[in-house]
2 protein chains.
Amino acid sequence: MDQVKLFNEYLNQQGLKNTSQRMVILEAFLASDSHLSTEELYLQLRADHPKIGYATVHRTLKLFAECGIAAERNFGDGQTRFEPVHGEEHHDHLICTKCGLIIEFEEPQIEKLQESVAAAHHFTIKNHRLELYGLCAACAADGQ
Amino acid sequence: MDQVKLFNEYLNQQGLKNTSQRMVILEAFLASDSHLSTEELYLQLRADHPKIGYATVHRTLKLFAECGIAAERNFGDGQTRFEPVHGEEHHDHLICTKCGLIIEFEEPQIEKLQESVAAAHHFTIKNHRLELYGLCAACAADGQ
DNA sequence: AAGAAATTGAAAACGATTTTCAGAAACTAG
DNA sequence: CTAGTTTCTGAAAATCGTTTTCAATTTCTT
Ligand SMILES: [Mn+2]
Ligand SMILES: [Mn+2]
Ligand SMILES: [Zn+2]
Ligand SMILES: [Zn+2]
């Protein structure tokens, strides 16, 4: 699915305007490595677009999240991160606390068990977060 | 295990001093409902101990976490919460996004699957967080 | 082309947390 | 017990990521 199209449709629906800044930020966001903070994307953009302000970058990332083309993540380092959402697939994360490497995974059996836990408590799950923190292979191989 | 004893041993080890404030805060913390923010515990203490400052409450909660008698939690409401750690048991949480109810659960099968996911990626898990957000039975029964 | 409405960037405001600092309290040695 | 040393405390200020404000600019509709 075309993220740019989805975003433009969302802007129209909401009576928002399409600006050059928004397009630049969207392209940079989609092209970049995932799990970016506002700060990181802002600094990255700065090279080619020094006029774009931090506030605009942040507002735009939140717009992406609102319209569903970005997911907000929080990996406990005190910064909100954003990653592009491509299809329907949900995924969770392995996070290396030494080098910051992020590995994504899907495990349907875990999702199923989550549902059964919820059912046992008469609870309806709307969303969840599962994050496994530790050391990636490379960092574990290094001195600890 | 006696949390008070553990805390005092930790203070000694670290060359820290045992003060009346620390004891008061520890007792209130252990007696209280779990998953308290600094603010909440501070306000609760205020009734009987109006002289104890916010900074002292917060510093002391972090000390508890350092010495292992408290666990830090973050349920996405922008406040760090602390809960007493009683034994070795680990648990995860169901969180009602409407009324704030927190239900604790343990699911060994999920933990096992987490390990196998990690192993598949040559990753060593140090800790993890699993939070299921949604509606508790009562809130689901209400109008949504 | 003109007007109405939304957007932008810089700076100020926010809110949770952390630090500073001078006076108070706790511990240690004598 | 007392003096000396160290840590602690509470209030206020500082920090840090995030959000809001506001006047100027841009977009988009007539
Ligand atoms: Mn991801
Ligand atoms: Mn808990
Ligand atoms: Zn690593
Ligand atoms: Zn509820």
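Quick note on labels: first sequence line is chain A, next is B, and so on, each numbered from 1. As the structure is a computational prediction, the values presented were derived from the model and not from experiment.
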Participant: Does F82(A) reach the side chain of T38(A), with side-chain heavy atoms less than 4.5 Å apart?
Facilitator: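 Of all side-chain heavy-atom pairs linking T38(A) with F82(A), at least one is under 4.5 Å.
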Participant: In this structure, how many angstroms lie between the P atom of dC28(D) and the CD atom of Q13(A), rounded?
Facilitator: 16 Å
Participant: Mind calculating the distance between CG (L36(A)) and P (dG17(D)) to the nearest angstrom?
Facilitator: 16 Å
Participant: At under 4.0 Å between heavy atoms, what does R22(A) touch on the DNA or RNA strands: base, sugar-phosphate, or nothing?
Facilitator: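 Sugar-phosphate contact only - R22(A) comes under 4.0 Å of backbone atoms but never of a base.
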Participant: Could you check whether any side-chain heavy atom of L63(B) comes within less than 4.5 Å of a side-chain heavy atom of L16(B), counting everything from C-beta outward?
Facilitator: yes
Participant: Can any side-chain N or O of T97(A) pair as donor or acceptor with the backbone N or O of G134(A) at less than 3.5 Å?
Facilitator: yes
Participant: Give the cluster check for L41(B) versus F75(B): same hydrophobic cluster or not, with ILVMFWY residues linked at side-chain heavy-atom distances below 4.5 Å.
Facilitator: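 No: no chain of side-chain contacts under 4.5 Å links L41(B) to F75(B).
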Participant: Hey, which of these two, T56(B) or K17(B), hits DNA chain D nearer its 5' end, going by closest nucleotide?
Facilitator: K17(B)
Participant: Under 4.0 Å, heavy atoms only, any strand: does Q21(A) hit a base, just the sugar-phosphate, or nothing?
Facilitator: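 Sugar-phosphate contact only.
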Participant: Enter the inter-axis angle for the ends of the helix from dA1(C)-dT30(D) to dG30(C)-dC1(D) (five pairs per end, rounded to 10°).
Facilitator: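 Between the first-five-pair axis and the last-five-pair axis there is 30°.
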Participant: Using only heavy-atom distances, determine whether the side chains of E83(B) and H35(B) contain a donor-acceptor pair under 3.5 Å.
Facilitator: yes
Participant: What is the distance, to the nearest angstrom, from the NE2 atom on H49(B) to the P atom on dT9(D)?
Facilitator: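 Between P of dT9(D) and NE2 of H49(B): 14 Å.
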Participant: Between F29(B) and F64(B), does the ring centre distance come in under 6.0 Å?
Facilitator: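 Yes, ring centres under 6.0 Å apart.
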Participant: Nearest to the side chain of K62(A) - dG10(D), dC28(D), dT19(D)?
Facilitator: dT19(D)
Participant: Keeping the roles fixed (side chain from E39(A), backbone from S37(A)), state whether a donor-acceptor pair exists under 3.5 Å.
Facilitator: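 No, E39(A) side chain to S37(A) backbone: no donor-acceptor pair under 3.5 Å.
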Participant: State plainly whether the residues E40(B) and R81(B) are in salt-bridge range, i.e. N to O under 4.0 Å.
Facilitator: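 Counted as a salt bridge, because a side-chain N and a carboxylate O are separated by less than 4.0 Å.
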Participant: Walk along DNA chain C from 5' to 3' and tell me the first and last nucleotide with an atom closer than 4.0 Å to a non-hydrogen atom of chain A.
Facilitator: dA5(C) to dA10(C)
Participant: Find the distance K51(B):NZ to dA11(D):C1' and express it as a whole number of Å.
Facilitator: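 So the two atoms are 14 Å apart, to the nearest Å.
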Participant: What is the distance from CG of N12(B) to P of dC8(D), rounded to the nearest Å?
Facilitator: 12 Å
Participant: I want to confirm an ordering. Mapping T38(B) and I52(A) to their closest nucleotides on DNA chain C, which one lands closer to the 5' end?
Facilitator: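 Final value for this comparison: I52(A).
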Participant: Base, sugar-phosphate alone, or nothing: which one does T80(A) contact when heavy atoms must sit under 4.0 Å apart?
Facilitator: sugar-phosphate
Participant: Please evaluate residues M23(A) and N8(A) with respect to the criterion side chain to side chain contact (heavy atoms under 4.5 Å, CB included), reporting the C-alpha separation (whole Å), side-chain torsions for both, the decisive distance (0.1 Å), and the verdict.
Facilitator: CA-CA 9 Å; M23(A) 284 303 111; N8(A) 280 315; 3.6 Å; yes
Participant: Between D92(B) and E111(B), is there a side-chain heavy-atom distance shorter than 4.5 Å?
Facilitator: yes
Participant: Could you state the CZ-P distance from R59(A) to dC22(D), rounded to the nearest angstrom?
Facilitator: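 Rounding to the nearest Å, CZ of R59(A) and P of dC22(D) are 14 Å apart.
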Participant: What is the separation between atom CG on D77(A) and atom P on dC16(D), rounded to the nearest whole Å?
Facilitator: 15 Å
Participant: Just how far, in rounded Å, is P of dG17(D) from CD of E72(A)?
Facilitator: 16 Å
Participant: Mapping H58(B) and N18(B) to their closest nucleotides on DNA chain C, which lands nearer the 5' end?
Facilitator: H58(B)
